[in-house]
Amino acid sequence: MRRLDFREKTQPLVMIIPMIDIMLFLLVFFMLSTIYMVQTNTLPVSLPQSSSAAMETRPNVVPITVLANGDVLFDKDSVPNQQLDEKIRTALAQDKNAIFVLRGDKSTRYENVVAVLDVLKKSGAKRVSIATELKSN
């Protein structure tokens, strides 16, 4: 009978191939699960590009500007939100084909721009455009 030598050190074998297989399986699983989470939490929309923005050159353009702090300027005049409806109706009475260009500061809150769009709609404005800057390549 042969005696075992306990002084001999044997290195344990680390099987790396099964570990790589499991890691790749987990990676694919998490990638697929995040793709499905993103698709269920968002609506599919096609956003407009501003690289082909054109400047309005017609003479009957009325600019409405929403500043970063939420103040509204109607053709360079500061106007309270209550009087904005009256100013828009006056501009439409002078020219029914007036084009209102909404210029919102990029740091203003979205609800400020929507409030102005709501007033424009209630006032009867039919031609409204939102100004953007031309994207530089």
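The model shown is predicted, which means the values in this text are computed figures rather than measured ones. Keep in mind that the numbers below use all heavy atoms, side chains included, and drop hydrogens, waters and symmetry copies.
Every salt bridge (charged side-chain N to carboxylate O under 4.0 Å, His left out) that Asp85 has, sequence neighbours left out, goes to Arg89. The side chain to side chain contact (heavy atoms under 4.5 Å, CB included) check on Ile22 picks up Leu26, with sequence neighbours excluded. The salt bridge (charged side-chain N to carboxylate O under 4.0 Å, His left out) test applied to Asp71 returns no partner, not counting sequence neighbours. With sequence neighbours left out, the side chain to side chain contact (heavy atoms under 4.5 Å, CB included) criterion links Ala68 to Asp105, Ser107. Applying the salt bridge (charged side-chain N to carboxylate O under 4.0 Å, His left out) test to Lys126 and every residue at least two apart in sequence or in another chain returns nothing.
In this structure, Ile99 and Ser129 approach most closely via the heavy-atom pair CG2-OG, 4.4 Å. Among all heavy-atom pairs drawn from Ala98 and Val62, the shortest one is CB-CG2, 4.4 Å.
One distance of note links CG of Asn69 with OG1 of Thr108; it measures 7.5 Å at 0.5 Å rounding. Atom-to-atom distance recorded for Lys122:NZ and Leu84:CG is 11.5 Å, nearest 0.5 angstrom. Distance check: Lys121 NZ to Ile88 CD1 gives 14.0 Å after rounding to the nearest 0.5 Å. Here CG of Leu92 is found 9.0 Å from OG1 of Thr90. Values are rounded to the nearest 0.5 Å.
Applying the under-4.5 Å side-chain rule to Ile, Leu, Val, Met, Phe, Trp and Tyr, the cluster around Val114 extends to Tyr110.
Note on Leu67: it does not cluster hydrophobically with Val116, by side-chain heavy-atom contacts below 4.5 Å among ILVMFWY residues. Ile20 and Phe25 are assigned to two separate hydrophobic clusters, defined by single-linkage of ILVMFWY side chains at heavy-atom distances under 4.5 Å.
With Ile64 as the partner, the side chain to side chain contact (heavy atoms under 4.5 Å, CB included) test is satisfied by one option alone out of Leu120, Val101, Leu73, Leu117: Leu120.
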